[in-house]
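Structure first, commentary second.
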Amino acid sequence: MAHWLIKSEPSAYSWDQLVKDKRTSWTGVRNPQASANLKAMKLGDLCFFYHSNEGKEIVGIARVVKTAYPDPTDKAGKAVTVDVAAVEPVEQSVTLAAIKAEPRLKDFGLVRQSRLSVVPVNDEQWKLISKMTTAK
DNA sequence: GCCAACGTTGGC
DNA sequence: GCCAACGTTGGC
């Protein structure tokens with residue numbers, strides 16, 4: 001199974017909102033690289049939910065419940081979206097600072113390409129960060 | 001609020 | 001098809 005990290009500004013769409021909604025369609029992704037990542041998502045893939053700008057931390061885990069389809073909010077009809085559902089909040093939020101402080105996460109997409117809103121997470125990274133999200 | 005990094009656009 | 005100018009994102 002693949003893993004991902006999806007970013008959102010809490011002022012635009014927060015983790016709390018996803019919990020309230022149970023699931024949402026992840027629209028508004030325009031960056032071609034991020035779109036390619038969306039298309040690569042499979043049903044049941046898990047995603048870290050990251051708050052950018054405010055908080056700058058991983059706050060929860062979401063699951064892909066519908067694979068890529070055309071984004072209805074994109075007039076050009078080029079963008080795609082997926083549906084994600086809230087799985088659970090993390091016990092311990094993982095801040096960007098903590099990720100940067102971990103040398104083994106040097107190559108993590110979130111650090112390497114901070115502007116990409118949908119970032120692939122490899123198994124090693126997923127395991128490492130999962131460990132960091134469990135309370136000490 | 002500023003600025004660096006990166007994407008996109010448009011003139012040639 | 002190149003590249004300068006401009007816009008946007010996101011960390012600080």
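Only a predicted model underlies this, so the values are computations on that prediction, with no experimental measurement involved. All values below come from the heavy atoms of this structure, side chains included, with hydrogens, waters and symmetry mates left out. Lettering follows sequence order; numbering is per chain, from 1.
Taking the six-membered ring wherever Trp is involved, the centroid distance between the rings of A:F49 and A:W26 falls below 6.0 Å.
Side-chain contact, A:S14 with A:D16: no donor N or O sits under 3.5 Å from an acceptor N or O.
Distance CG (A:N31) to C1' (B:dC6): 9 Å, rounded to an integer number of Å. Atom CG of A:L110 is separated from atom C1' of C:dG10 by 10 Å (rounded to the nearest Å). Taking atom CG of residue A:N53 and atom P of nucleotide B:dC3, one finds them 17 Å apart after rounding to whole Å. Atoms CG (A:L116) and P (B:dA5) sit 17 Å apart, rounded to a whole Å. Taking atom CZ on A:F108 and atom P on C:dG10, their separation rounds to 14 Å, with Å as the unit. Protein atom CZ of A:R30 is 16 Å distant from nucleotide atom C1' of C:dG7, rounded to whole Å. In this structure, A:K56 atom NZ and C:dT9 atom P are separated by 17 Å, rounded to whole Å. C:dG11 atom P lies 12 Å from atom CD of A:E57, rounded to whole Å.
OP1 or OP2 of C:dC12 has at least one side-chain nitrogen or oxygen of A:K100 nearer than 4.0 Å. Close to C:dG10, at under 4.0 Å from its OP1 or OP2, lies no side-chain N or O of A:Q113.
Among the atoms of the strands shown, only primed sugar atoms or phosphate atoms (P, OP1, OP2) are found under 4.0 Å from some heavy atom of A:L96.
Taking every side-chain heavy atom of A:R115 into account, C:dT8 is the closest of B:dG7, C:dG11, C:dT8.
Both the sub-6.0 Å distance and the 45° axial angle are satisfied by A:K66 relative to the ring of A:Y69.
The backbone N or O of A:Y13 lies less than 3.5 Å from a partner atom in the side chain of A:S8, making a donor-acceptor pair.
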